[in-house]
Number of protein chains: 2
Amino acid sequence: MKSVNTDIAYDYIRKRILSGEFPPGHPLLTEVLARDIKVSRTPVRDALRKLETDGLVSIRAHLGANVKKMELKEFSEMCDLRLALESHAAGLAARNHTESDLREIQFALTAMKRLTEQIARDASEQPLLAELIHEDVRFHIAVMTAAKNDLMKKEILRLHLINRVVSGTSMDKQPVPKVEADARRQSVLEKHQDIYTAIAASDPAAAKREMEFHLQEMIDHSLLLMTRVESGVIARELSPEELAYSS
Amino acid sequence: MKSVNTDIAYDYIRKRILSGEFPPGHPLLTEVLARDIKVSRTPVRDALRKLETDGLVSIRAHLGANVKKMELKEFSEMCDLRLALESHAAGLAARNHTESDLREIQFALTAMKRLTEQIARDASEQPLLAELIHEDVRFHIAVMTAAKNDLMKKEILRLHLINRVVSGTSMDKQPVPKVEADARRQSVLEKHQDIYTAIAASDPAAAKREMEFHLQEMIDHSLLLMTRVESGVIARELSPEELAYSS
DNA sequence: CGATATCTGTGTTGACACTTTTCATGAGCA
DNA sequence: TGCTCATGAAAAGTGTCAACACAGATATCG
């Protein structure tokens with residue numbers, strides 16, 4: 001399977017968006033991108049269209065493309081969507097998991113446990129934090145995989161990515177007291193353990209309930225952080241009244 | 001807002017797919033379509049890409065585009081996805097509905113009741129059946145609207161459309177005894193009434209549960225019909241062994 | 001039966017058309 | 001004179017097109 005230019009352009013742009021090099025709202029000019037990637041504008045346009053449907057880019061006819069920027073309402077809706085899908089998937093995982101699925105989930109879980117304790121003990125957090133997040137993602141992916149529904153997995157992964165782009169950039173700027181953060185991490189860990197237990201016990205209702213609870217907690221936290229951010233990378237739209245005052 | 005050629009092509013192709021004029025598996029040649037729509041191939045290609053992300057078309061590089069054809073597994077996964085979203089939406093509807101939402105739901109419900117009874121009485125069913133389906137869709141849309149989550153509504157509508165294209169073509173060919181069909185319609189009606197009652201009572205758990213049950217029933221029925229269809233418009237992929245026997 | 005030529009149809013390109021935005025110019029008015 | 005606002009021309013960038021390049025399928029020939 002020869003890789004076509006469209007795919008090259010897609011990977012290039014997508015990578016930059018996910019790495020934060022193209023932050024939300026960043027304009028994506030087809031000509032500039034075409035020059036950088038060294039292909040013509042057509043495959044770039046195709047790539048942008050594809051990214052739009054991934055939810056990472058927004059395109060308006062004649063007005064060009066931007067990295068997707070979400071206001072609070074849309075973000076909240078997306079979180080709820082994710083809640084619906086991922087909790088359902090947890091229920092399915094309790095039904096359909098194999099032995100190897102369980103091992104994978106548990107593996108991520110023990111890694112998280114180790115990292116959480118280590119972070120709580122040590123002062124130097126930064127690289128460990130990234131690793132913890134990575135294992136967190138791994139845990140969730142493992143659960144979705146165990147659900148044995150590829151379409152659902154794909155859809156949830158899509159939402160995860162959008163979430164990462166939209167909220168990832170703002171989270172960094174929020175200084176949180178270490179004690180509070182440690183408590184949160186501990187709580188997250190326990191929730192994950194509950195989810196694992198329910199899945200391992202083949203108890204769909206419990207798995208679903210625990211996942212729902214876990215995600216709701218996370219969502220509340222995210223939304224709280226976002227509303228605190230007055231002017232950030234993810235600027236919410238100003239209402240007409242607010243606009244009048246800001247000039 | 002001037003409509004661009006891409007949109008024209010998109011509407012044209014989409015309409016044909018939804019109307020059944022382009023059945024699942026039907027090849028979509030860019031040149032032919034371009035000639036028919038009287039635009040160049042570029043906007044047609046864009047339109048096909050968009051339709052691909054709607055889930056109505058599948059494109060493979062250098063191999064062209066077809067109207068999406070699903071095998072049983074994927075169809076079943078999609079149904080489950082819809083179940084997750086729509087039952088969650090029902091729960092939200094119980095929380096967030098307004099008075100006008102309730103009226104809209106009830107309106108569709110009474111229309112369905114009238115039609116169901118009429119169909120059970122009379123022999124001439126065909127035009128009434130179409131109307132009944134229409135009111136059924138209306139009911140579900142009204143519930144999703146009441147949930148007050150546009151993203152979720154959009155996603156569910158997308159799944160509805162795919163469902164219609166994929167299963168719509170096969171359902172017609174399945175002759176079902178009238179008594180049985182009437183009983184099913186009556187049962188569907190009652191389920192809808194239960195859902196309405198739960199939403200009106202602002203009981204999210206009940207609304208979710210009823211919707212989940214209703215959809216599961218529908219899905220089981222659909223899957224049953226599909227598995228019965230040996231060779232139909234929605235041909236499942238033949239396994240290598242089966243292929244060996246069929247030639 | 002396998003290698004090769006041909007053919008169909010997509011992928012890609014660069015040029016052109018059109019839309020939107022911006023900015024400068026100038027008229028109208030206090 | 002200085003300010004506001006209409007106007008329109010230029011700039012910037014996307015949408016569209018037709019021609020070419022190339023991959024994959026089919027037919028042909030040894």
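Each chain gets a letter, A, B and so on, in the order its sequence line appears, and its residues count up from 1. Because the structure is predicted, anything quoted here is derived from the model rather than measured.
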Note: for B/G64 and A/L63 on DNA chain C, the residue whose nearest nucleotide lies more 5' is B/G64

What I want to find out is whether B/R138 reaches B/E104 closely enough, with some N-O distance under 4.0 Å, to be called a salt bridge. yes

Short side-chain N/O contact to D/dC17 OP1/OP2 from B/N5, under 4.0 Å: yes

Please give me the minimum heavy-atom distance between B/A9 and B/V44, naming the atom from each residue. CB-CA, 4.2 Å

Here the distance between atom C1' of C/dG11 and atom CZ of B/R60, to the nearest Å, is 16 Å

Counting neighbours of CD on A/E99 that are heavy atoms of other residues, nucleotides or ligands and sit closer than 6.0 Å, is the number greater than 12? no

Phosphate OP1/OP2 of D/dA18: any B/T42 side-chain N/O under 4.0 Å: no

Within residues 43-58 of chain A, residues whose heavy atoms come under 4.0 Å of DNA chain D: A/R45

Salt-bridge present (A/E74, A/K68; N to O < 4.0 Å): yes

Does NZ or CZ of B/R16 fall inside the cone over B/Y12's six-membered ring, less than 6.0 Å from its centre and within 45° of the axis? yes

Non-hydrogen side-chain atoms of B/K15 and B/E21 separated by less than 4.5 Å: no

Just the rounded figure in Å: distance from P of D/dA23 to CG of A/D7. 14 Å

Checking only heavy atoms, does the side chain of B/R41 share a donor-acceptor pair with the base of C/dG11 at less than 3.5 Å? yes

Quick note, A/H62 side chain, CB onward, closest among D/dA23, D/dA25, C/dT20 is C/dT20

Below 4.0 angstrom, which residues in residues 25-40 of chain A have at least one non-hydrogen atom near DNA chain C? A/V39, A/S40

Let's see if you can work this out: which of C/dG11, D/dT16, D/dG24 has an atom nearest to the side-chain heavy atoms of A/V4? C/dG11

Using the side-chain contact (heavy atoms from CB on, under 4.5 Å) rule, take A/K153 and A/L157 through it: C-alpha gap first, then chi angles, then the decisive distance, then the call. CA-CA 6 Å; A/K153 178 175 172 181; A/L157 279 177; 4.3 Å; yes

Run the side-chain contact (heavy atoms from CB on, under 4.5 Å) test against B/E31 and tell me which residues pass, sequence neighbours left out. B/R41

Ignoring hydrogens, what is the shortest heavy-atom contact between B/H88 and A/D80? Give both atom names and the distance. NE2-OD2, 3.5 Å

